[in-house]
Amino acid sequence: MVNIEEFVSSVVARASQELYGTSDNIQIQKTRKEFEGDYTVVVFPLLRASKKSPEATATELGEKIVASTPEIKSFNVIKGFLNLVVDASFWAQRFAEIVEAENYGMAEPSGRTIMIEYSSPNTNKPLHLGHIRNNLLGYSVATILKANGHNVIKVNLVNDRGIHICKSMLAWQLYGGGETPESSGMKGDHLVGKYYVEFDKHYKLQVKELVAEGLSEEEAKKRAPVMVAAQEMLRKWEAKDPEVYALWERMNGWVYEGFDVTYKAMGVDFDKVYYESQTYLLGKSLVEDGLKRGVFFRKEDNSVWIDLEADGLDQKLLLRGDGTSVYMTQDLGTALSRFEENSLDDMIYVVGNEQNYHFQVLKLVLKKLGYDWSDNIFHLSYGMVELPEGKMKSREGTVVDADDLIADMVGTAREMSAELGKLDGATEEEALAISEMVGLGALKYFILKVDPKKTMLFDPRESIDFNGNTGPFIQYTHARIRSILRKANEAGITFEGYQQAELLPEEIELIKTLSEYPTVVRTAGEQFAPSVIAAYAYDLAKQFNGYYHDHSILKEENEAVRALRLTLAEQVARVIRSAMSLLGINVPERM
């Protein structure tokens, strides 16, 4: 299938080479909407070779291109810019290719294997709004990379060990009274999260009491009985104490069952799940090897460090004095095993921007250990999600729970859909399915349309608006087109003969937008940016709605014109469905 940008570039390069003996530094871009044309050539880089004014150079180049290229109908010159107008027959041919393409927009296999890690929850609390952004971003980028022909492995690293896990365990032991998910009616992850908050409450009270007895706050925090007990529990866990280990396995089991329900509701999955309890020792041998080779150094307290001050960073701890590992140690070992076991070309970590420094250090340490594949590690950093009410804190129980948010989104979608008459005539089963699709579509689109690097404000009600740049607007456009096509089918109207109809300017514009889809998918893959897909899907839906407002489809009397319009509508729906699927969003057949 012809790539339009490449075709235009080759035409311009050939004409420039013949006229001026050079085609270097030629810039081509889409013509701005206020000017006539499809593609604009910036001729200023050619002036040294042409030895003419910008206007004369552009005119000469335009005349050469039109004379030698039937697909370019005409041109116009505005200062140093050459605007080329592509002939309607060219767009008709591109449209025929789109219709015939079985997997339109999807690339051929690349042979590259890419692993993407996302979610990475702790097993001491349920998933929250921040996790939703992480999961949706990771899943969508994985889907986009697959569309670019790559072999993609989606993985989750569960943080299932450490002092924060022991805090929940200890609080349940002290204050739980044997409560279980079954006895309480709570999801397992919510129940464990309840005791994480409970620990913090008792810890603060104990610190306050110790300060009142004359201790400094710093000393009180260290000596609070529950903190001392939690640290003792962690030591027992690392020593595989049977009682502590059994409690850990039991409570983590509750959490995993809860996570699975949330992941299913969110529509995300993984090819492999890693557990920190199984990976935290992996990096120790790497550190020992680095010590022998002088990459690392040992301090008097027996701790192991690397000095990165010459690289503009600081000294980084790799092993504590007692020999226990830190996150960096674990990540070094995990990265090595992943690259070796899976023959990876690239490894992407979807982690919040508070870890930017960590991944900068990880890549640098691996490089110093001699692993050149460290250049193929990417940190897909994203900003926090805030609500109109402000920031969230897990310890204080003020987080926006993922399960509650998803349920609220579905409820709000049902309420707003019913108000607008979009559930009229639907059965209870259909109404529920549409509400879930619209509620989740609204949530996913609202989060993914924002550049990942930006901190974002999430407004649930605004996200479900059926007008404007929202998921429901795009979903409704798809449902509207499917309704038109059903009515055509019921009336026995066929789509044959569309190629004989003359294209209107608005139809050419729609075909141009459809023809950009493969480039949009490629760009989104190169930039790890679902927001590129979201912007495209919205523009296509908005453009079709404008076209449909001005031009009748089913009531058009000319059969060839009607067939063209139905085929065009069908392809718009198809590309909307494909684009939204790359965001992990389903679109309804009726609404």
F7 six-ring centre to R94 NZ/CZ under 6.0 Å and within 45° of normal: no
So, using side chain to side chain contact (heavy atoms under 4.5 Å, CB included) as the criterion, who are the partners of E509 when residues are at least two apart? K512, Q543
Strictly below 4.0 Å, N to O, side chains only: are E570 and R577 in salt-bridge contact? no
Work out which heavy atom in G267 is nearest to a heavy atom in K444; give both atom names and the distance. CA-NZ, 4.2 Å
Atom pair OH/CD1 of Y445 and I585 - distance to nearest 0.5 Å: 8.0 Å
Between H551 and L504, which heavy-atom pair has the shortest distance, and what is it? CE1-CD1, 3.6 Å
Which atom pairs, donor and acceptor, lie under 3.5 Å between side-chain atoms of residues 80-92 and protein residues at least two apart or in another chain?
residue	atom	partner	partner atom	Å
N83	OD1	T40	OG1	2.7
N83	ND2	N76	OD1	2.9
D87	OD2	S89	N	3.0
D87	OD2	S89	OG	2.5

Once ring-ring contact (aromatic ring centres under 6.0 Å, His included) is applied, do any residues pair with Y256, and if so which ones, sequence neighbours excluded? Y275
Report the C-alpha separation of Y39 and S9 in whole Å, then their side-chain angles, then the decisive distance to 0.1 Å, and conclude whether the side chain to side chain contact (heavy atoms under 4.5 Å, CB included) test is met. CA-CA 10 Å; Y39 293 94; S9 295; over 6 Å; no
Heavy-atom nearest pair, R338 first then Y349, reads NH1-CE2, 3.8 Å
Does CZ belonging to F359 count more than 12 external heavy atoms closer than 6.0 Å? yes
Candidate pair T113 and D345, rule side chain to side chain donor-acceptor pair (under 3.5 Å), full reasoning: CA-CA 5 Å; T113 297; D345 293 291; 4.5 Å; no
Establish, yes or no, whether the cationic atom of K449 lies under 6.0 Å from the six-membered ring centre of Y538 and within 45° of the ring axis. no
Would E516 and K30 pass as an ion pair if we require N to O under 4.0 Å? yes
Any non-hydrogen side-chain atom of L554 less than 4.5 Å from a side-chain atom of L566? yes
Once the angle between the rings of Y547 and F544 is folded into 0 to 90°, is it parallel (under 30°), tilted (30 to 60°) or perpendicular (over 60°)? tilted
Does Y139 have any ring-ring contact (aromatic ring centres under 6.0 Å, His included) partners at least two apart in sequence or in another chain, and if so, which? none
If you round to the nearest 0.5 Å, how far is CE of M591 from CZ of R480? 11.5 Å
Results of ring-ring contact (aromatic ring centres under 6.0 Å, His included) for Y536 - residues two or more places apart only: Y517
Yes or no on side chain to side chain contact (heavy atoms under 4.5 Å, CB included) for L485 and F495, after CA distance, side-chain angles and deciding distance? CA-CA 10 Å; L485 296 172; F495 301 5; 3.5 Å; yes
Can you give me every donor-acceptor pair (side chain of residues 518-532, partner residue at least two apart or in another chain, under 3.5 Å) with its distance?
residue	atom	partner	partner atom	Å
T523	OG1	T519	O	2.9

Hey, mind stepping through L380 and Y118 against side chain to side chain contact (heavy atoms under 4.5 Å, CB included) and telling me if it holds? CA-CA 10 Å; L380 179 45; Y118 56 95; over 6 Å; no
